[in-house]
Amino acid sequence: MSGESDRELHPDTLTIGWGYDPASALGAAKPPVYLTSTFVYKNAAHAKAVHRAYFDKAEAPEGSPYIYSRLNHPNLDMVEKRLAVLDHAEDAAVFSSGMAAISAIMLCFARPGQTILHTKPTYGGTDGMLYGFLPQMGVAPFGVEDGVSEVSLQTTANQALEKGPIALFMLESPANPTGAIVDIAAARRVADAVAARQGFAPIVSVDNTFLGPFVQSPLKLGADLCMTSLTKYCGGHSDLLAGGVSGPADKVGVLKAQRTFFGSHLDPFSSWLLLRSFETLGLRCERAASNALAVASFLRDHAKVASVNYLGFLPEGTPARAVFERQCRAAGSTFSFRIKGGEAEAFRMLDRLKVLRLAVSLGGSETLICHPATTTHYNVPAERRLEVGVTDATLRVSVGLEHPDDLVADLDQALAAV
Ligand SMILES: *Cc1c(COP(=O)(O)O)cnc(C)c1O
C-alpha cells in the first residue's frame with residue numbers, strides 16, 4: 001500500500017500502512033528502525049548516481065537511495081509519506097520539533113525588509129520568533145485583531161504593506177489556549193489580493209496542531225503550507241518531540257533542502273514511534289473528543305466555574321461558529337475554562353487533582369491541566385495575555401483517553417476544595 005492509486009482510500013485505512021513497503025525490509029510486517037547515520041554504496045558509480053539523484057533531482061539509481069541520515073533516512077521517508085497523505089499534500093517535511101518546523105518556514109521564506117502577518121494569539125515559541133528574533137533580521141510582524149473577519153485581515157495586510165512586502169501569513173487556528181478561530185479561506189483571498197499588489201504571493205501557513213490531520217485539512221481550505229507540532233496529537237503519548245510541514249513539492253522541497261543545513265531532521269527512532277502513533281490517531285482523536293465533550297459539559301454546569309471556552313459551545317449565529325462548522329470536523333479535546341476567583345482558587349483546585357496531571361503540553365493519552373498565566377504564558381507580558389483572554393482564573397485542559405467518569409469525578413472533588 002504505497003502507490004499513487006491508493007490515494008482514494010480513507011485516512012483511517014491509509015494511516016495503517018501508507019508509506020511502508022514490507023518488500024523493502026525482508027517482508028517484515030512492521031517497519032524496522034534504521035538506526036544508522038550513514039549508508040554504504042554498492043560501488044563508486046552508485047555513489048555518484050545517488051548524489052546526482054539527491055542534488056540534481058535525477059532519476060534514482062537501482063539500490064539504496066540514501067546517503068547520510070541528516071539528508072534523509074528510511075524512517076523519515078515513511079513518516080513524511082504518511083503525514084503528506086493525511087494532510088492531502090504532495091509532500092511533507094518532518095523536523096525534530098514543532099518549533100524547528102515553524103522557524104524553518106520563517107527562515108526559508110522571509111527576507112530582510114519583508115513583513116509577516118500573523119493571527120492572535122500565537123503559540124509562545126512562534127511569538128518569540130516573531131517578536132524576539134525576526135526583527136533582528138529586519139523582518140517585521142503584524143498581528144491581526146480578528147481572524148474571522150476578512151476586513152480585519154485586509155486592514156492588517158494594508159498596514160504590513162506600508163512597511164514592506166508580505167512574505168508570510170502565519171495563521172494558527174484554533175489558537176492556543178483560547179480556541180480563537182481564523183477563517184483560512186478568507187486569509188487566502190486577502191493573500192491573493194496582496195499578491196496582485198506586491199507582484200508575488202505571500203505563503204499562507206496554518207498551524208494545525210490543536211486539531212491535527214483527522215479533524216482539519218488547511219490545504220483544502222486554501223493554505224499553502226500546513227504545519228503541525230507532531231509532539232501533540234500525532235505523537236499522542238507524550239514521549240517524543242517532532243514537527244511537520246505539508247504542502248506542494250516545490251515549497252516543501254525548499255524546506256527539506258535547508259533542513260539539511262539546519263540539521264533539524266527527525267531521528268530514526270522518533271520517526272518510527274511517530275509512524276506507529278499515526279495508526280491510532282483517528283481512534284484517539286474520536287475518544288478524546290467525546291471525553292472532552294463530557295468534561296466541558298460538566299464544567300459548564302458547575303457553580304464554581306465562570307465560563308468554558310470549548311469550540312463545541314461556540315454560540316450559534318456568530319461568525320466564529322460559521323467558520324468552525326465550515327473548517328473543522330470535530331471540536332477537538334483541548335480547551336480552556338475560567339474558575340470563579342483567581343490564582344489562589346485555581347491553585348487550590350489544581351493541587352487537589354489525582355487523575356488529571358499538572359503539566360504543559362497537550363494531545364497525549366493522559367489528561368493534562370495547567371494554569372497558563374503562570375506556566376505556558378509566564379513570559380508573556382500581562383497586558384498581552386489579558387488582551388487574548390488569558391486571566392489569572394484561566395485553566396487549560398487537554399483531555400485524554402481515560403474513562404470520562406473518572407475525569408469528571410476528579411474535577412468534581414477538586415472543585416469542592418475551592
Ligand atoms: C506545542 C506547539 C507548538 C510547538 O511544537 P513543539 O513540538 O513543542 O516544538 C507549536 N504550535 C502549537 C499550537 C503548539 O501547541
Side-chain angles (χ1 to χ4, degrees), residues 79 83 87 92-107 116 118-133 143 147 168-182 184 205-213 215-216 218 223 225-246 255 259 262-267 270-271 273-274 277-278 281 285 288 292 309 311 327-328 332-336 359-364 368-370 372 375-380 385 388 390 396-400:
V79 87
L83 177 62
D87 274 336
V94 169
F95 294 82
S96 54
S97 70
M99 279 316 302
I102 289 170
S103 51
I105 292 172
M106 293 168 167
L107 294 172
I116 295 181
H118 69 88
T119 52
K120 296 201 284 195
T122 59
Y123 180 71
T126 309
D127 190 79
M129 279 296 291
L130 287 172
Y131 288 89
F133 180 77
L168 280 165
F169 278 33
M170 298 293 289
L171 317 178
E172 188 177 320
S173 184
N176 177 18
T178 59
I181 299 256
V182 179
I184 297 169
S205 174
V206 176
D207 185 332
N208 199 34
T209 302
F210 252 51
L211 296 178
V215 186
Q216 182 171 261
L225 297 175
C226 171
M227 177 273 149
T228 311
S229 167
L230 306 170
T231 309
K232 313 295 170 56
Y233 288 96
C234 294
H237 297 72
S238 303
D239 54 9
L240 63 85
L241 282 105
V245 185
S246 305
L255 293 168
R259 183 184 61 188
F262 297 157
S264 51
H265 66 288
L266 190 64
D267 67 280
S270 298
S271 300
L273 279 173
L274 192 52
S277 288
F278 272 129
L281 178 58
C285 286
N309 234 330
L311 284 178
Q327 286 186 181
C328 315
S333 61
T334 299
F335 62 91
S336 60
V360 300
S361 199
L362 55 105
L368 297 179
I369 189 164
C370 71
T375 58
T376 54
H377 289 61
Y378 186 89
N379 223 7
V380 180
R385 74 175 160 77
V388 296
V390 178
R396 185 186 75 185
V397 60
S398 162
V399 179

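If you're wondering where the values come from, they're calculated on a predicted model, not measured in any experiment. Atoms within each ligand, like the ligands themselves, are counted from 1 in listed order. Just the heavy atoms: all of them, side chains too, but no hydrogens, waters or symmetry mates, feed the values below.
Of all protein heavy atoms, the one closest to atom 6 (P) of ligand 1 is G98 N, 3.3 Å. Nearest protein neighbour of atom 5 (O) of ligand 1, counting heavy atoms only, is S229 OG, 2.9 Å. Summary of contacts: the protein heavy atom closest to atom 11 (N) of ligand 1 is D207 OD2, 2.7 Å. From the protein, the heavy atom lying nearest to atom 4 (C) of ligand 1 is Y123 CE2, 3.3 Å. In terms of protein heavy-atom proximity, atom 7 (O) of ligand 1 is nearest to T231 OG1, 2.6 Å. In terms of protein heavy-atom proximity, atom 15 (O) of ligand 1 is nearest to K232 NZ, 2.8 Å.
In T126, neither the side chain nor the backbone holds a heavy atom less than 4.0 Å from any atom of ligand 1.
With hydrogens and angles ignored, the 3.5 Å screen pairs no side-chain donor or acceptor of N309 with any backbone N or O of G179. At least one donor-acceptor pair under 3.5 Å links the side chain of S173 to the backbone N or O of V182. With hydrogens and angles disregarded, no donor-acceptor distance shorter than 3.5 Å links the side chain of Q327 to the backbone of I181.
Contact annotation: A242 has at least one heavy atom less than 4.0 Å from an atom of ligand 1. Residue-ligand proximity: L230 is placed with every non-hydrogen atom at 4.0 Å or more from ligand 1.
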H118/Y131 under side chain to side chain contact (heavy atoms under 4.5 Å, CB included): CA gap, chis, key distance, verdict: CA-CA 11 Å; H118 69 88; Y131 288 89; 2.8 Å; yes
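Counting only heavy atoms from C-beta outward, the side chains of F335 and V399 approach each other to under 4.5 Å. Looking at P177 and T376, their side chains never come closer than 4.5 Å, going by heavy atoms from C-beta outward.
Using modelled atom types and a 3.5 Å distance limit, the side chains of Y233 and T334 yield a donor-acceptor pair.
Here L273 contributes atom CG and L230 contributes atom CG; the two are 12.5 Å apart, rounded to the nearest 0.5 Å.
The distance criterion of under 3.5 Å between nitrogen or oxygen atoms is met by M99 with respect to ligand 1.
Proximity to I102 (heavy-atom distance under 4.0 Å) selects the following atoms of ligand 1: 10 (C).
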